Amino acid sequence: MVQPHGGGQPAVDVAVVAVPLLVVTGVALALGDQHRRYGLVRGWSGRLTMAFLLSCVGVVAYAVWPLPALVDGLCSPSAGSAPPGPDDRPHPAHAPRELLLGCAVLIPVGFLARDRFRRGLGTTLALGVALATAASAVRATGLLGVYPCAYATTSPLVVGLGVVGVLLGWAVARWLSLPRPGGLARGWPSAVADRAAPEPSRRALACALDLGLWWYGAATLAALARLFGLVAPAEGETVRTLALLGTAVVLGLVVPLLRRDRCTPAAALLRLALSEREPTEPAARRRVLSRALLLHAPVVALVALGWPWFACAVAVLHVSTALVRKDRAGLADLVCGVRVRTRSTLHGGLPDRLVRYRPPLPEPGEDVTSTPGSPGAGR
């Protein structure tokens, strides 16, 4: 039976894998929106974009950490965050380490609110109060009631220090943005046409996100099957292996064959594409299939069998040629005759925020004849 509040071990099993899945999905969607609106992520604004994503992940990690995998012994008297008793012992959340962490984790939020998103003091203060309160609520309620009791300490003082951290970050960004020689470049991104060969870091990030979507997606499906009683607890390992293989087929083979850019979900969000050797048309489906069987299938099989280090060796072998070639072609790309491009190179198109010149339309009744002596006069 499903127990959404104070659930037992099956509900905890879902939470342990569903939270990372939500984080990976959120990062992939945010990066996809960035590439769609502004094109290539580069420069100081690109670093701030990555810092924004890392700060979001940091706040989520602070709110849910340590996310216990077992409920046995979790609600013992020494594990709770109860207020001090008659012996006036200090509150567990008031240890110097906890207070410093509660303040420091929100400093980047204030800095980015001012330097990256151009928010004022009032908006930043409201954001700080909301984030600090939300993180404290998640910690105090045991992941909003999923766990039978709170497993992390918190207090109003920690919330207040979180707000102080946000204001401190905003003040630092405000001071750094003052006009002076040698000041930092602006944090707001400018749109850039995304036509160059994708950097290895961008391709590696896409692979990491695809791996996270695959691994945590399969684990979440298996945990949900146990939670709703669709499979017996004794069959958990078998169900997990089948879920890994099934999601790998869907995400790594079916989805690329159905898309114009021939890419997996995360690579598609990062605006990558697979093409023929010449960037004129998408890669043929038979080439995409052979590449998946040569690259993805061994990695999936080795990870599913519990040999992740051998899977890393396959990935390193593929990357070895991409690091030394100008076209960034991996070993599997060379064998199968495909190349990894940006979607703009293959299908055209420009970022949504790129400034495009459009000549002004004449007003009704306005004389639009050429100026005498101009090159267009007399036509």
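Quantities reported herein were computed from a predicted structural model and do not represent experimental measurements.
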Legend entry - 4.5 Å side-chain heavy-atom contact, Trp214 and Val303: yes
Legend entry - Rounded distance [0.5 Å steps], CG in Leu334 versus CZ in Arg291: 10.5 Å
Inset, instruction - To the nearest 0.5 Å, tell me how far Trp309 CH2 sits from Leu302 CG. - result: 13.5 Å
Inset, instruction - Considering non-hydrogen atoms only, spot the tightest contact between Thr264 and Leu251 and give its length. - result: CG2-O, 3.5 Å
Inset, instruction - Please round to the nearest 0.5 Å and tell me the distance separating atom CE of Met50 and atom CG of Leu205. - result: 5.5 Å
Inset, instruction - May I ask you to check whether over 12 heavy atoms, not counting those of Tyr216, lie within 6.0 Å of atom OH? - result: no
Inset, instruction - Could you please spell out the steps behind the side-chain contact (heavy atoms from CB on, under 4.5 Å) verdict for Val166 and Thr124? - result: CA-CA 7 Å; Val166 171; Thr124 304; 3.5 Å; yes
Legend entry - Exercise: identify the closest heavy-atom pair between Ala15 and Leu67: O-CD2, 4.1 Å
Inset, instruction - Kindly compute the distance separating CZ (Arg37) from CD (Gln34), expressed to the nearest 0.5 Å. - result: 8.0 Å
Inset, instruction - Check the hydrophobic clustering (I, L, V, M, F, W, Y; side-chain heavy atoms under 4.5 Å; chains of links allowed) and say if Val59 and Leu99 are grouped together. - result: yes
Legend entry - Step-by-step side-chain contact (heavy atoms from CB on, under 4.5 Å) determination, Val249 to Leu245: CA-CA 6 Å; Val249 171; Leu245 296 176; 5.6 Å; no
Legend entry - Shortest non-hydrogen separation from Ala140 to Thr154 and the atoms involved: CB-CG2, 3.8 Å
Inset, instruction - Measure the spacing between CZ of Arg240 and CH2 of Trp215 and express it to the nearest 0.5 Å. - result: 4.0 Å
Inset, instruction - Consider only side-chain heavy atoms of I, L, V, M, F, W and Y, link residues closer than 4.5 Å, and tell whether Val60 and Leu31 are in one cluster. - result: yes
Legend entry - Evaluation steps, side-chain contact (heavy atoms from CB on, under 4.5 Å), between Phe117 and Thr123: CA-CA 11 Å; Phe117 296 99; Thr123 303; over 6 Å; no
Legend entry - Shared hydrophobic cluster, Ile107 / Trp170 (ILVMFWY, side-chain heavy atoms < 4.5 Å): no
Inset, instruction - Find out whether Leu274 and Asp261 are in side-chain contact, i.e. whether some heavy atom of one side chain is under 4.5 Å from a heavy atom of the other. - result: no
Inset, instruction - State whether Glu98 and Arg139 are salt-bridged, where the test is any N-O pair (Lys NZ or Arg NE/NH1/NH2 against Asp/Glu carboxylate O) under 4.0 Å. - result: yes
Legend entry - Shared hydrophobic cluster for Val192 and Val41 (ILVMFWY, side-chain gaps under 4.5 Å): no
Inset, instruction - Answer with yes or no whether the hydrophobic clustering places Trp175 together with Trp44; edges join I, L, V, M, F, W, Y residues whose side-chain heavy atoms lie under 4.5 Å apart. - result: yes
Inset, instruction - Could you tell me which non-hydrogen atom of Val17 sits nearest to which non-hydrogen atom of Ala223, and how far apart they are? - result: CG2-CB, 4.2 Å
Inset, instruction - List the atom of Pro351, the atom of Ala191, and the distance in Å for their closest heavy-atom pair. - result: CB-CB, 4.1 Å
Inset, instruction - Drop me the distance from Leu244's CG to Leu305's CG, to the nearest 0.5 angstrom. - result: 10.5 Å
Inset, instruction - Answer yes or no: is there a donor N or O on one side and an acceptor on the other, between the side chain of Thr345 and the main chain of Arg195, under 3.5 Å? - result: yes
Legend entry - Chi angles and distances behind the side-chain contact (heavy atoms from CB on, under 4.5 Å) call for Arg328, Arg339: CA-CA 8 Å; Arg328 308 300 184 188; Arg339 296 293 184 268; over 6 Å; no
Legend entry - Lys/Arg-Asp/Glu bridge criterion (N-O < 4.0 Å) met for Arg202, Asp194: yes
Legend entry - Sidechain-backbone polar pair: Tyr147 side chain, Pro68 backbone, donor-acceptor under 3.5 Å: yes
